[in-house]
Amino acid sequence: MGPETIVWIVPDDASQADIAAADLRKAGYTVVEQSLAAASRLAADLRVLPTASLADEATLRLACAADRRPTLVLAHDEAAEAVALEVCDLRDEVVRLPQAPQHVAARLERLIRRERDSAWLHRDAVTGLLNRRAFGLRLRKVLEEMLPGEVRGLVRLDLDRFRLLNDEFGHAVGDQLLRSAAELLAAGASPEDSIGRVGGDEFVLLLSRYDLQTLVNDAHALLKRLSVPIEVPSAGRSVVLTASAGMTVLRPHFTESEVMRQADAAMYEAKGAGRNRLMCFETAAGGYVAPDIDADLDRFNEVTKVFSDRLARIVGDMGRRLVEGARRQALQDALTGAHNRRYFDERLAREVSQAHRSGRPLALALLDIDDFHGINANFGWPSGDGVLREFAALAGGNVRLVDWLARYGGEEFCVVLPDTTAEAAVSVMERIRAAVGGHRFEATDGRPVSVTVSVGVAMTAPGDDSPVALVDRAGRACLRAKAAGKNRVVLGDAAA
């Protein structure tokens, strides 16, 4: 289906077609009317969500957040408009009814143009900043085109204790705080600077200044901009964000991965030193020192003074990277890159405990690739490994940042969805199931491989559930999906 194909959400018991949807058809659009539950299984690229078709505010919030497709929300009253504006991201449009058909069509054209705009595709959906890929491209271009004498720096900034704020206020407030942080950084940056969000609560800034001291001073000033009270109306209080930041100075011969590693090492040094501070990768005992000090023979005496401290820091950085690498290897599945079983067991216990304490829902899905042994038998083990890698990438790419994927064993994977209702979890799993079914998997010899997945979903129950019981109920639901014909999602029974 092309981008002009629209899924129009209608009530489950709708007895006749929506008049506005019929008007859009007359205007030349392909409009498919579906219930909210069935819409996720339709391969349309745009969605129209009339709020009058939804039962209550909770359903509206879920409907806005659970589908990643660009959505035009038609709010039937002021309260619905306020909820939609709070929950929807920057890819969506919200309009208040009544609207003439041509106005609705104009809004849809705007969504289509936005999706086709490559610049928009390079933006982070929550903050509007450059995303990881776009920032990486910008950084590589700067490094390739740098001239001698240019003063540029890379700052990697991580919000302190942001996960605790997410747990206390919820993810909607967490997204508001991320947007506020992005606005504060953008307001203090120069027009030539580039700012991106590279994941979670981590931001990167590419700064260009006249001299080294101004670069350092401005990096400190940007960090201080975050330390202002940010009002959280839903919580009835304000929050002061702090951040730990690491900076490195760019040189033409450096690579993107090298400068990112240096900024990352300095950022973790800032966290280890007490947070809410900026550390420079090139900092030595006597203050800020340019990175090319080792090549400057005229300053040999200064080099000898700082050499021992510099060496100690390098050894410390290497040690931290080695420890971090070993930790990742111990908790990461080598084949797929997903979290492994050890990580799953340890973190699931914490997630279940947190869900019990907060009283918030926690969903767990067990995904089992259908007839995987036949894939290995018919196409060979290397082809099976390729299927596992591509499956993990598809599953991981269709969940939120707060959700996480682990390889449970063999061809079985688990997705853990914190603060998620049963309906939303089933919707996410249907999206993954459809993505897997629509993806072209290939064997090593180029032959197509048909891949489907059966999914069982289980929910925690307050105070009377354990991680083992949760996995067991998801597993039994997955078996029911297999028995019912495979390639489907089944919601498990509630805890006894």
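When a residue number appears, it is its place in the shown sequence, counting from 1.
Summarising the geometry, atom OG belonging to Ser454 is positioned 10.0 Å from atom CG belonging to Leu366; distances are rounded to the nearest 0.5 Å. A distance of 5.0 Å separates CG in Leu159 from CG in Asp201, rounded to the nearest 0.5 Å. Between the CG atom in Leu49 and the CD atom in Glu93 there is a gap of 14.0 Å [rounded to 0.5 Å]. Atoms CG and OG, on Asp160 and Ser244 in that order, are 3.5 Å from each other to the nearest 0.5 Å. Taken from OG in Ser190 to CG in Leu205, the straight-line distance is 11.0 Å, to the nearest 0.5 Å. Taken from CG in Asp175 to OG in Ser180, the straight-line distance is 11.0 Å, to the nearest 0.5 Å.
We find that Glu202 and Arg197 are not joined by a salt bridge, their nearest charged nitrogen and carboxylate oxygen being 4.0 Å or further apart. A salt bridge between Arg476 and Asp472 is present, with a side-chain N of the basic residue lying under 4.0 Å from a carboxylate O of the acidic one. In this structure, Arg440 pairs ionically with Glu442, as a charged nitrogen and a carboxylate oxygen lie closer than 4.0 Å. At a threshold of 4.0 Å, the pair Lys486-Asp370 does not count as salt-bridged, since none of the basic side-chain nitrogens sits closer than that to a carboxylate oxygen. Salt-bridge annotation for Asp493 and Arg473: absent, with no side-chain N of the basic residue lying under 4.0 Å from a carboxylate O of the acidic one. Between Arg61 and Glu57, at least one side-chain nitrogen of the basic residue sits less than 4.0 Å from a carboxylate oxygen of the acidic one, meeting the salt-bridge criterion. We find that Glu144 and Lys141 are not joined by a salt bridge, their nearest charged nitrogen and carboxylate oxygen being 4.0 Å or further apart. Comment: Arg347 engages Glu351 in a salt bridge, judged by a side-chain N to carboxylate O separation of less than 4.0 angstrom.
Here the side chains of Val455 and Val490 are not in contact, with every heavy-atom distance at 4.5 Å or above. Contact check for Arg107 versus Gln99: no side-chain heavy atoms found under the 4.5 Å cut-off. Two residues are said to be in side-chain contact when any heavy atoms from C-beta on lie closer than 4.5 Å; Arg179 and Val126 meet this criterion. Annotation: side chain of Leu62 is in contact with side chain of Thr421 (closest heavy-atom distance under 4.5 Å). In this structure, the side chains of Thr452 and Ile369 stay at 4.5 Å or more apart for every pair of heavy atoms. With contacts defined as side-chain heavy-atom distances shorter than 4.5 Å, the pair Val428/Leu417 qualifies.
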* Hey, mind stepping through Arg357 and Gln354 against side chain to side chain donor-acceptor pair (under 3.5 Å) and telling me if it holds? -> CA-CA 5 Å; Arg357 286 197 304 271; Gln354 174 64 29; 2.6 Å; yes
_Run Val48 and Leu74 through side chain to side chain contact (heavy atoms under 4.5 Å, CB included) and show every step you take._
CA-CA 7 Å; Val48 175; Leu74 303 179; 3.7 Å; yes
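Listed here is the closest heavy atom pair of Leu491 and Arg480: O-NH2, 3.3 Å. Contact record, Val155 with Ala245: CG1-CB, 4.0 Å, taken as the closest heavy-atom pair. Scanning both residues, Ser194 and Leu130, for their nearest heavy atoms gives CB-CD1, 4.3 Å. Taking each heavy atom of Arg360 and Asp167 in turn, the nearest pair found is NH1-O, 2.7 Å. Of all heavy-atom pairs spanning Leu405 and Ala392, the tightest one is CD2-O, 3.4 Å. Taking each heavy atom of Leu223 and Ala243 in turn, the nearest pair found is CD1-O, 3.4 Å.
For CZ of Arg163, the number of neighbouring non-hydrogen atoms (other residues, nucleotides, ligands) closer than 6.0 Å is 12 at most. Glu256 CD: more than 12 foreign heavy atoms inside a 6.0 Å radius. Around atom CZ of Arg140, more than 12 heavy atoms belonging to other residues, nucleotides or ligands sit under 6.0 Å away.
For the residue pair Ser427 and Arg431, no side-chain donor N or O sits within less than 3.5 Å of a side-chain acceptor on the partner.
Not a single donor-acceptor pair under 3.5 Å links the side chain of Thr51 to the backbone N or O of Ala80. Using a distance-only test at 3.5 Å, with no hydrogens or angles considered, no donor-acceptor pair links the side chain of Arg407 to the main chain of Thr336.
Listed by first and then second residue, the ring-ring contact (aromatic ring centres under 6.0 Å, His included) pairs involving residues 410-452 are Phe391-Phe413, His439-Phe441 (not counting sequence neighbours).
Annotation: cation-pi pair Arg341/Tyr408 present, NZ/CZ under 6.0 Å from the ring centroid and within 45° of its normal.
If you run side chain to side chain contact (heavy atoms under 4.5 Å, CB included) between Val259 and each of Leu206, Asp264, Leu154, only Leu154 comes through.
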